[in-house]
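Below: one structure, written as structure tokens.
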Amino acid sequence: MTTREFDGIRLEKVREHVWEIPREGDMNVPARVLASESLLEEIGEDDSLQQLKNATHLPGMAEPALCMPDGHQGYGFPVGGVGAIDARTGCISPGAVGYDINCGVRMVRTNLAYDDVRGRESELVDALFEAVPSGLGGGGVIGGDADAIEGALERGVEWAVEEGYGIESDLARCEDEGRRPDARPEYVSQKAMDRGRNQMGSLGSGNHFLEVQRVTDVFREEVADEYGLREDGIVVLIHCGSRGLGHQTCNDYLRRIEKEHGDLLAELPDKELAAAPAGSELADEYYGAMGACINFAWVNRQLITHQARETFGEVFDADPIEDLGMELLYDVAHNIAKKETHEVGVDADGRPAVGDEAVDRAERELYVHRKGATRAFPAGNADVPEVYRSVGQPVIIPGSMGAGSYVLRGGDQSMSVSFGSTAHGAGRLMSRTQAKQEFWGGDVQDDLEDGQQIYVKAQSGATIAEEAPGVYKDIDEVIRVSDELGIGDKVARTFPVCNIKG
DNA sequence: ATGTGC
């Protein structure tokens with residue numbers, strides 16, 4: 001048997017790209033890393049594997065706790081982690097969702113070809129930078145009065161479209177039609193709402209960006225046709241989350257768990273994995289508040305989409321919908337938990353179980369935590385929007401600003417291998433602090449423009465350094481693993497034309 | 001990720 005060991009954590013190779021940390025001690029279930037040998041070596045360099053192992057202690061965790069090929073260490077649970085936990089007898093963990101609730105990415109297609117944009121990159125990047133608020137702190141596309149906040153938290157994209165910031169077809173092209181039906185705005189604190197108020201329609205900082213890209217490769221012609229993608233076509237990618245509102249909400253509930261459920265917390269190997277027991281008031285309140293933050297993040301991406309459409313309309317002197325065909329391809333969430341039904345091993349009492357304790361397999365409602373992971377449901381699944389049901393849901397995976405991105409479709413192995421999930425990006429190789437020691441923002445910006453004709457504009461040079469292409473893993477390798485495992489299949493590849501960020 | 005710390 002092929003094995004690897006990192007800091008005392010041993011992994012057994014189950015098959016190509018599948019590595020298992022066997023169950024031992026207080027682990028409820030084994031854990032699996034979905035990675036090639038080279039990606040596993042990178043994942044093994046930080047605390048990801050220990051964090052993944054810690055997460056197997058969470059009550060109700062179904063087999064196996066997972067790390068996607070782009071995984072790296074995060075708060076408590078790896079970014080790139082998937083944990084499916086019994087919604088009746090288990091728990092829900094804010095740290096396994098992430099601070100930036102519904103950080104996610106959407107792709108907008110256009111009728112433009114690369115030739116239409118070439119030579120006008122500076123004009124376009126300046127206009128977008130002007131139109132889309134970015135960077136830390138406040139300032140959004142709209143003011144965010146009480147009605148706006150309430151509409152966004154309660155009704156998501158539906159509210160934004162009603163207010164004139166989108167078109168009817170945008171709704172069906174978001175996970176959950178852009179509205180979590182179980183959102184409960186009353187469980188979001190006043191402080192969180194105050195932080196979100198003047199951030200409605202803003203990119204934020206860090207790895208968030210808006211990028212104009214050209215399609216360089218099409219791998220599955222029939223799927224690309226369904227998605228409206230063709231070689232040399234221009235697309236717009238928008239990556240951002242729930243800003244201060246989601247961050248505050250995560251923090252609020254972590255503090256409440258510490259106060260109200262210290263007994264469970266004391267049993268966990270890491271306090272950052274703090275979780276509310278399923279069925280508790282706090283679990284229901286967090287789930288409802290998280291749903292409202294999810295809606296807010298969708299509105300955020302919708303307002304930025306509106307600004308991008310308006311800007312393209314002005315720059316190319318055309319109607320963004322009628323002439324430029326700027327329809328939403330799809331919007332995917334990276335940091336969420338959601339009640340989904342999956343088949344798992346169960347014990348005599350019907351609880352998720354493994355090994356000798358598993359006497360049967362049955363469908364169970366699970367809190368599927370995807371933290372830095374993307375839902376990747378295959379063709380035929382009822383939760384895939386009708387327009388894409390015959391080919392599988394679009395999965396949009398951004399790479400670094402020097403390497404381009406991929407569009408995949410949910411693969412037919414995803415339900416049995418990864419609770420219907422795949423990777424969400426290239427995955428960091430080093431911390432932000434280390435990145436700033438290795439790179440200088442201005443130099444990175446010059447190299448991208450001179451070497452690859454990629455035009456980057458940011459509020460802060462430090463952000464460009466933190467996001468330099470060299471701080472990321474090889475996106476091609478991440479996608480190869482997803483494609484070869486059959487959890488997310490390659491459809492098209494894109495390359496950056498211009499990029500704005502915080 | 002984040003009014004870039006509790």
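By convention in this document, chain letters (A, B, ...) are assigned in the order of the sequence lines, proteins followed by strands, and residues within each chain are numbered from 1. Any value given below was found using the heavy atoms of this structure, including those in side chains, with hydrogens, waters and symmetry copies removed. All figures in this text were calculated on a predicted structure; none of them were measured in a lab.
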Under 4.0 Å, counting only non-hydrogen atoms across every strand here, what does [X] touch: a base, just sugar-phosphate, or nothing?
X        : result
A/Glu466 : nothing
A/Lys191 : base
A/Gly206 : sugar-phosphate
A/Ser242 : nothing

Less than 4.5 Å apart, side chain to side chain, heavy atoms only: is that true for A/Val471 and A/Leu429? no
Residue pair A/Val407 / A/Val395, side-chain heavy-atom distance below 4.5 Å: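 Side chain of A/Val407 against side chain of A/Val395, heavy atoms only: no contact under 4.5 Å found.
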Please report the distance, rounded to the nearest Å, between [atom1] in [X] and [atom2] in [N].
X        : N     : atom1 : atom2 : result
A/Arg432 : B/dT4 : CZ    : C1'   : 10 Å
A/Arg255 : B/dT2 : CZ    : C1'   : 13 Å
A/Gln459 : B/dT4 : CD    : C1'   : 15 Å
A/Asn251 : B/dG5 : CG    : C1'   : 11 Å
A/Glu272 : B/dT2 : CD    : C1'   : 15 Å
A/Lys271 : B/dC6 : NZ    : P     : 10 Å
A/Glu258 : B/dC6 : CD    : C1'   : 12 Å

Starting at the 5' end of DNA chain B and moving along, which residue's nearest nucleotide shows up first, A/His208 or A/Leu136?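 It is A/His208 whose nearest nucleotide is closer to the 5' end.
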Is NZ or CZ of A/Arg428 both nearer than 6.0 Å to the six-membered ring centre of A/Tyr472 and within 45° of the ring axis? yes
Intra- and interstrand pairs of DNA chain B - dot-bracket, Watson-Crick/G-U under 3.5 Å, | marks other strand: ......
Do A/Arg493 and A/Tyr406 meet the criterion of a side-chain donor-acceptor pair at a distance under 3.5 Å?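 Yes, side-chain donor-acceptor contact under 3.5 Å.
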Among A/Arg301, A/Arg179, A/Arg375, find the residue that satisfies the salt bridge (Lys or Arg N to Asp or Glu O under 4.0 Å) test when tested with A/Asp331. A/Arg301
